[in-house]
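Note sheet for the following structure.
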Amino acid sequence: MKSINSTRPPDFIRNIIRQDLKANKNNGRVVTRFPPEPNGYLHIGHAKSISINFGIALENEGGVCHLRFDDTNPSKENIEYIESIKSDIQWLGFDWGKHLYYASDYFEKLYRYAAQLIKDGKAYVCSLSAEEIREYRGTLTEPGKESPYRNRSVKENLELFEQMRKGEFEDGSHVLRAKIDMASPNLNMRDPVLYRIRHESHHRTGNKWCIYPMYDFAHCLSDSIEGITHSICTLEFEDNRPLYDWILNALNVDCHPQQIEFARLNLSYTIMSKRELRQLVEEEYVNGWDDPRMPTISGLRRRGYTAEAIRNLCERTGVAKSNSVVDIALLEYCIREDLNRRAPRVMAVLRPLRVVIDNYPEKQVEELDAQNNPEDPGMGTRRIPFSRVLYIEQDDFREDPPKKFFRLAPGREVRLKHAYYIKCTDVVKDKKTGEVIELHCTYDPATRGGWSSDGRKVRGTLHWVSAAHALKAEVRLYEHLFTKTNPHDVKDGSDFKANLNRHSLEKLTSCPVEPNLADAKPGSRYQFLRQGYFCVDCVDSRQGALVFNRIVSLRDSWARIEKAGKGKS
RNA sequence: UGGGGCGUGGUGAAGCGGUAACACAGCGGACUUUGGAUCCGUUAUUCGGAGGUUCGAAUCCUCCCGCCCCAGCCA
């Protein structure tokens with residue numbers, strides 16, 4: 001009953017649990033569960049559910065959260081998904097301990113529960129076709145009609161149900177239905193289907209079964225079997241709650257969990273439907289479920305997001321019942337916040353511009369000291385080679401600088417981070433295109449380390465890499481996968497794919513990066529000074545052929561000034 | 001037009017009859033060897049609307065409006 005994490009302001013679900021605890025409703029037990037169907041990869045919306053369910057278990061003494069695969073539909077599910085789901089949950093930092101379950105493990109029990117319902121006259125075998133069942137169901141405004149098979153005898157129902165199990169019927173020829181109320185205003189209560197025939201091999205039970213329970217039947221009973229106290233799910237199941245309760249009441253089970261619904265997480269510029277994400281994968285709009293642009297856990301992980309940042313997002317967005325869309329800027333804030341204190345700084349040039357320091361000795365090389373992270377001096381320093389020919393960022397030079405541009409320009413002096421002040425003395429252009437291809441500069445030997453003793457001020461500080469020592473890396477820049485805040489905002493006749501961002505991936509090759517990166521390990525994260533946070537790609541990066549993913553850029557106030565038109569000359 | 005939910009600033013979200021927390025975004029400034037980080041200031045006389053109850057309402061009542069979900073043998 002003690003709260004381990006008492007700093008969190010309670011949300012409505014935690015309030016309910018707190019009151020239940022106070023009233024000793026479940027003998028002080030708190031048991032939640034995360035019940036994914038293994039038919040796709042987990043995404044950041046699932047992370048929210050995971051964070052709520054496992055989080056609540058963690059906060060309550062003796063609290064437990066089960067991982068249960070809701071594997072009742074063999075045609076959509078497979079083992080690959082089970083494995084990915086397990087590793088994603090672990091990577092997020094949650095542990096189900098010994099509480100790993102499968103709804104398919106309960107098939108025998110579920111079958112007996114169904115038989116019990118039949119014996120009690122609360123379920124029947126219906127031999128209407130799928131189409132007929134739909135017609136008989138009625139509409140939102142008109143009541144349904146009772147099935148002609150509704151009043152079969154218990155004996156006949158039992159025999160038929162057994163024959164269904166034995167495989168004596170074809171798919172679709174019969175279903176088991178609950179006998180509730182065809183006139184109910186809640187369509188879920190109009191004699192819902194409990195079991196269907198599917199002659200299909202299941203990834204765990206093989207060919208043992210050819211009838212499979214429906215979600216509504218399997219879910220509540222699985223919860224009950226496991227002794228779940230609070231069954232937390234998303235809003236769209238609100239209408240299923242009366243059925244959840246009906247089944248448990250009809251069977252008079254000992255454990256009757258409480259279903260509580262909350263609003264799923266939505267992010268701007270993102271889709272969060274497994275079906276649609278699968279479409280992007282299968283139709284090759286992205287390169288797999290773990291494409292760094294995907295909102296999947298595996299995609300975010302490969303991109304370089306930390307579990308901590310994702311957990312943080314889940315906490316900051318709160319738990320409520322109103323449909324909402326969280327600004328993706330909050331996710332970006334969370335990862336910057338985390339990486340700002342953890343990521344070592346390093347210099348890398350994305351779009352190189354050659355700079356020759358004319359007054360620097362031809363063959364000289366100096367090793368300059370650089371702090372690894374100004375936020376954390378404990379992370380130490382490293383040495384960076386400096387020589388006569390360097391690369392700087394193309395963006396850091398303007399021949400005709402606008403107002404408030406304090407980077408390099410003809411005649412201007414700037415600081416090279418950790419190195420020297422340099423002044424631009426000459427600009428070399430391509431004769432045909434007019435493109436700036438090289439800069440000539442002079443350096444001030446008295447400013448070693450980037451300081452001057454004469455009180456001279458320089459506004460700009462640039463990052464750079466020594467040309468002779470640079471490693472050449474591939475850098476992948478990502479933008480939002482969609483161009484619109486709401487990807488579903490489309491003209492009639494098209495779908496979310498019309499809003500795909502063509503520029504969501506840009507590959508830069510041969511980017512000069514500082515030699516200290518030679519041993520960078522896959523998955524390690526760095527801040528490329530003045531640019532953003534980058535992660536060594538776990539799939540494509542090789543020693544000697546490094547590949548970096550941009551996780552997120554740094555906040556760029558110059559870009560904002562320029563965009564606002566304040567940087568005009 | 002059946003049923004179930006939800007409406008608080010740009011986005012999330014507290015508030016539970018005593019006079020609108022917090023976070024992100026934005027804007028302004030300070031500081032700065034990352035135009036990063038950090039710090040400070042600032043943004044709802046008002047809580048979907050209209051009535052009503054009350055000394056007092058985002059909170060209680062009535063009516064209205066808007067948005068989301070439900071007619072799979074998916075979950």
Sidechain-backbone polar pair: [X] side chain, [Y] backbone, donor-acceptor under 3.5 Å:
X	Y	value
A:Thr296	A:Trp289	yes
A:Thr234	A:Glu236	no
A:Arg530	A:Thr461	yes
A:His43	A:Pro295	no

Taking the six-membered ring for Trp and the single ring otherwise, decide whether the centroids of [X] and [Y] are under 6.0 Å apart.
X	Y	value
A:Phe386	A:Tyr420	yes
A:Phe534	A:Tyr526	no
A:Phe169	A:Phe161	no
A:Tyr101	A:Phe69	no

Item checked: Distance, nearest 0.5 Å, that separates CZ of A:Arg241 from OG of A:Ser231 -> 11.0 Å

Whole angstroms only, please: what is the [atom1]-[atom2] distance between [X] and [N]?
X	N	atom1	atom2	answer
A:Met189	B:G3	CE	C1'	12 Å
A:Tyr244	B:G4	OH	C1'	18 Å
A:Tyr333	B:U38	OH	C1'	11 Å
A:Arg336	B:G35	CZ	C1'	14 Å
A:Ile561	B:C27	CD1	P	10 Å
A:Lys457	B:U32	NZ	P	7 Å
A:Phe262	B:G12	CZ	P	16 Å
A:Asn373	B:U38	CG	P	12 Å

Applying the Watson-Crick and G-U wobble criteria at under 3.5 Å, what pairs with [N]? Answer none if nothing qualifies.
N	value
B:G9	none
B:A75	none
B:U34	none
B:U53	none
B:A58	none
B:U19	none
B:G2	B:C70

Quick one: label [X] by what it contacts on the DNA or RNA (base, sugar-phosphate, nothing), any heavy atom closer than 4.0 Å.
X	result
A:Val458	nothing
A:Lys321	sugar-phosphate
A:His463	nothing
A:Glu261	nothing

Distance between the [atom1] atoms of [N] and [M], in whole angstroms?
N	M	atom1	value
B:C6	B:A71	C1'	22 Å
B:A20	B:G5	C1'	25 Å
B:C27	B:U43	C1'	8 Å
B:C60	B:A14	P	16 Å
B:U59	B:G18	P	12 Å
B:A44	B:A58	C1'	12 Å
B:G2	B:C47	P	29 Å
B:U46	B:A57	C1'	12 Å

Please confirm whether the shortest side-chain N or O distance from [X] to OP1 or OP2 of [N] is below 4.0 Å.
X	N	answer
A:Thr461	B:U32	no
A:Arg264	B:C6	no
A:Ser322	B:A13	yes

Using the 3.5 Å cut-off, write out each protein N or O paired with an N or O of nucleotides 57-59 of chain B and the distance between them.
none

Check: Below 3.5 Å, does any donor atom in the side chain of A:Gln527 face an acceptor in the base of B:U34, or the other way round?
Finding: yes

Next item on the list: Specify the residue among A:Ser324 and A:Leu462 whose closest nucleotide of RNA chain B lies further upstream toward the 5′ end.
Entry: A:Ser324

Where the side chain of [X] is concerned, which of [options] is the nearest nucleotide?
X	options	value
A:Arg560	B:C27, B:A23, B:G36	B:C27
A:Arg407	B:G36, B:U1, B:G35	B:G35
A:Thr317	B:A37, B:U34, B:G12	B:G12

Notebook entry, point to check: How far apart are the C-alpha atoms of A:Lys484 and A:Asp489, what are their side-chain angles, what is the distance that settles it, and do they pass the salt bridge (Lys or Arg N to Asp or Glu O under 4.0 Å) test?
Noted result: CA-CA 7 Å; A:Lys484 287 197 177 172; A:Asp489 174 17; 3.8 Å; yes

Notebook entry, point to check: With sequence neighbours excluded, what pairs up with A:Asp105 under the salt bridge (charged side-chain N to carboxylate O under 4.0 Å, His left out) test?
Noted result: A:Arg204

Notebook entry, point to check: With the sugar-phosphate defined as primed atoms, P, OP1 and OP2, and the base as all remaining atoms, what B/S/- string results for nucleotides 69-75 of chain B, 5' to 3', for protein heavy atoms under 4.0 Å?
Noted result: BBBSBSB

Note to self: A quick test of your reading: do over 12 heavy atoms of other residues, nucleotides or ligands sit less than 6.0 Å from CZ of A:Arg383?
What the structure shows: yes

